[in-house]
S.K.: 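Here's a structure for you.
Given the structure is predicted, the values throughout are model-derived calculations rather than measurements. Quick note: numbers below take in every heavy atom, side chains included, and nothing from hydrogens, waters or symmetry partners.
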Amino acid sequence: MHGLVNRSIQHFVCDTYGFEIWEDICAEAGLEFTEFEAMMRYDRQYTPDLVAAMSRLLGRTVAGMMEDLGTYLIMNPSFPAVRRLLRFSGVTFLDFLHSLDDLPDRVRLAVPDLVLPPMTLYASASDRFHLKCKSTLPGFGHVMLGVLRAMADDYGALAVLDHVGGANDEETITITLIETDFARGREFELGVGT
């Protein structure tokens, strides 16, 4: 597993619950270290072991924690590159939704050896969509649910999102777009200031 994934989980837990809890989670997961390097590769089993340990020690569901992680990646100022990469997807939340199929390829442009699970967006009406996420990573669909909620807020859109489950490593999120200009979105400039 790419270290960036586990490093993101590490930052989320440390910022939200504290470093001492992170140390306990690492011990519970059977790890003999507490720091992940972002650009290293790790045993694939570390991630599900960390997620299971988080659920046990924090007394939270995997779904709830992973959704919070997705929101954290967009809203936390420690990760401006994630929000920036996603905001390059278009001017509106609808543009962003239509670009989700290309997200794994865009991520590989930024981090060549980071492989995101494939995602496919299906429109069932002009304002209703289904996002299919295929992943063996526990809770990935819920991470995407948190990302989508945060991005809707970022764009100022009003949307109803729901994780409707899945089977065979494929999770489905339903998206109902109520209003694209519901509120003022967060500021975003194409060029980075110097």
S.K.: Between Ala157 and Phe93, what is the shortest heavy-atom contact and its length?
M.R.: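 For Ala157 and Phe93, the tightest heavy-atom pair comes out as CB-CB, 3.7 Å.
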S.K.: Would you say Phe19 ends up clustered with Met65 if hydrophobic residues are merged whenever their side chains have heavy atoms under 4.5 Å apart, either directly or through other cluster members?
M.R.: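 Per the 4.5 Å side-chain linkage, Met65 and Phe19 are co-clustered.
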S.K.: Sequence neighbours excluded, which residues qualify as side-chain contact (heavy atoms from CB on, under 4.5 Å) partners of Ala110?
M.R.: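 If we apply the side-chain contact (heavy atoms from CB on, under 4.5 Å) test to Ala110, skipping adjacent residues, there are no hits.
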S.K.: Tell me if a side-chain donor or acceptor on His2 pairs with a main-chain N or O of Ala38 at a distance below 3.5 Å.
M.R.: yes
S.K.: Check side chain to side chain donor-acceptor pair (under 3.5 Å) between Asp162 and all other residues, then give those that pass, not counting sequence neighbours.
M.R.: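 Asp162: no side chain to side chain donor-acceptor pair (under 3.5 Å) contacts found.
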S.K.: Test side-chain contact (heavy atoms from CB on, under 4.5 Å) on His163 and Thr174 and set out the steps.
M.R.: CA-CA 6 Å; His163 187 284; Thr174 60; over 6 Å; no
S.K.: With rounding to the nearest 0.5 Å, note down the distance linking CG in Leu4 to CZ in Arg41.
M.R.: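 Reported to 0.5 Å precision, the distance equals 11.0 Å.
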S.K.: Looking only at heavy atoms, what is the nearest atom pair of Phe96 and Leu86, with distance?
M.R.: CD1-O, 3.7 Å
S.K.: Check Leu69 against Phe12 and note the closest heavy-atom contact, atom names and distance.
M.R.: CD1-CB, 3.6 Å
S.K.: Taking the side chain from Tyr46 and the backbone from Ala29, do they hold a donor-acceptor pair closer than 3.5 Å?
M.R.: no
S.K.: Give every donor-acceptor pair under 3.5 Å between a side-chain atom in residues 52-60 and any protein atom, sequence neighbours left out.
M.R.:
from, atom 1, to, atom 2, distance (Å)
Ser55, OG, Arg60, O, 2.6
Arg56, NE, Glu28, OE2, 2.8
Arg56, NH2, Glu28, OE2, 3.2
Arg60, NH1, Tyr17, OH, 2.9
Arg60, NH1, Asp68, OD2, 2.9
Arg60, NH2, Gly64, O, 3.3
Arg60, NH2, Asp68, OD2, 2.8

S.K.: Same hydrophobic cluster for Met39 and Leu114, using side-chain heavy-atom links shorter than 4.5 Å among ILVMFWY?
M.R.: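 Yes, it is one cluster - the side chains of Met39 and Leu114 are joined through contacts under 4.5 Å.
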S.K.: Show the numbers, then the answer: is there a side-chain contact (heavy atoms from CB on, under 4.5 Å) between Ile173 and Val164?
M.R.: CA-CA 6 Å; Ile173 299 169; Val164 294; over 6 Å; no
S.K.: Asp95 side chain to Thr92 main-chain N or O, any donor-acceptor pair under 3.5 Å?
M.R.: yes
S.K.: To the closest 0.5 Å, what do you measure between OG1 (Thr34) and CD (Glu20)?
M.R.: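 It comes to 11.0 Å.
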S.K.: Do Leu31 and Leu50 have side chains that approach each other closer than 4.5 Å (heavy atoms only, starting at C-beta)?
M.R.: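 They are in side-chain contact.
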S.K.: Using the salt bridge (charged side-chain N to carboxylate O under 4.0 Å, His left out) criterion, which residues pair with Asp113? Sequence neighbours excluded.
M.R.: none
S.K.: Applying salt bridge (charged side-chain N to carboxylate O under 4.0 Å, His left out), name anything that partners Glu67, two or more places apart in sequence or on another chain.
M.R.: Arg149
S.K.: Measure the spacing between OG1 of Thr71 and CG of Leu145 and express it to the nearest 0.5 Å.
M.R.: 7.5 Å
S.K.: side-chain contact (heavy atoms from CB on, under 4.5 Å) for Arg83 and Met75? Distances and angles first, verdict last.
M.R.: CA-CA 8 Å; Arg83 175 182 178 250; Met75 302 304 284; over 6 Å; no
S.K.: Counting distance only, does the side-chain N/O of Arg106 pair as donor-acceptor with the main-chain N or O of Ser99 below 3.5 Å?
M.R.: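 A pair under 3.5 Å: yes.
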S.K.: For Asp169 and Ser135, which I'm curious about, is there any donor-acceptor pair between the side chains at under 3.5 Å?
M.R.: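 No, Ser135 and Asp169 have no side-chain donor paired with an acceptor closer than 3.5 Å.
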S.K.: In chain order, what residues pass the side chain to side chain donor-acceptor pair (under 3.5 Å) check against Thr172, with sequence neighbours excluded?
M.R.: Lys132
S.K.: State which residues pass side chain to side chain donor-acceptor pair (under 3.5 Å) with Asp15; sequence neighbours excluded, sorted by chain then number.
M.R.: Tyr72
S.K.: Return the CG to CD1 distance between Asp153 and Ile74, rounded to the nearest 0.5 Å.
M.R.: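 The CD1 atom of Ile74 is 11.0 Å from CG of Asp153, to the nearest 0.5 Å.
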S.K.: Keeping Gln10 on the side-chain end and Phe36 on the backbone end, is there a donor-acceptor pair under 3.5 Å?
M.R.: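 Yes, Gln10 side chain to Phe36 backbone: donor-acceptor pair under 3.5 Å.
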S.K.: Can you give me every donor-acceptor pair (side chain of residues 118-131, partner residue at least two apart or in another chain, under 3.5 Å) with its distance?
M.R.:
from, atom 1, to, atom 2, distance (Å)
Ser124, OG, Arg128, O, 3.4
Arg128, NH1, Thr176, OG1, 2.8

S.K.: Can you name the residues that form a salt bridge (charged side-chain N to carboxylate O under 4.0 Å, His left out) with Arg108, not counting sequence neighbours?
M.R.: Asp105
S.K.: With side-chain contact (heavy atoms from CB on, under 4.5 Å) as the criterion, how do Asp49 and Asp43 come out once you've worked through the C-alpha distance, each side chain's angles and the decisive distance to 0.1 Å?
M.R.: CA-CA 11 Å; Asp49 289 350; Asp43 185 308; over 6 Å; no
S.K.: Measuring from Met144:CE to Met66:CE, what's the distance to the nearest 0.5 Å?
M.R.: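 Reported to 0.5 Å precision, the distance equals 14.0 Å.
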S.K.: Roughly how far apart are Ile25 CD1 and Ile9 CD1, rounded to 0.5 Å?
M.R.: 10.0 Å
S.K.: Contact between Glu171 and His142 at the side-chain level, heavy atoms closer than 4.5 Å - yes or no?
M.R.: yes
S.K.: Who passes side chain to side chain donor-acceptor pair (under 3.5 Å) against Arg7, sequence neighbours left out?
M.R.: His11, Glu35
S.K.: Thr16 side chain to Val13 main-chain N or O, any donor-acceptor pair under 3.5 Å?
M.R.: no
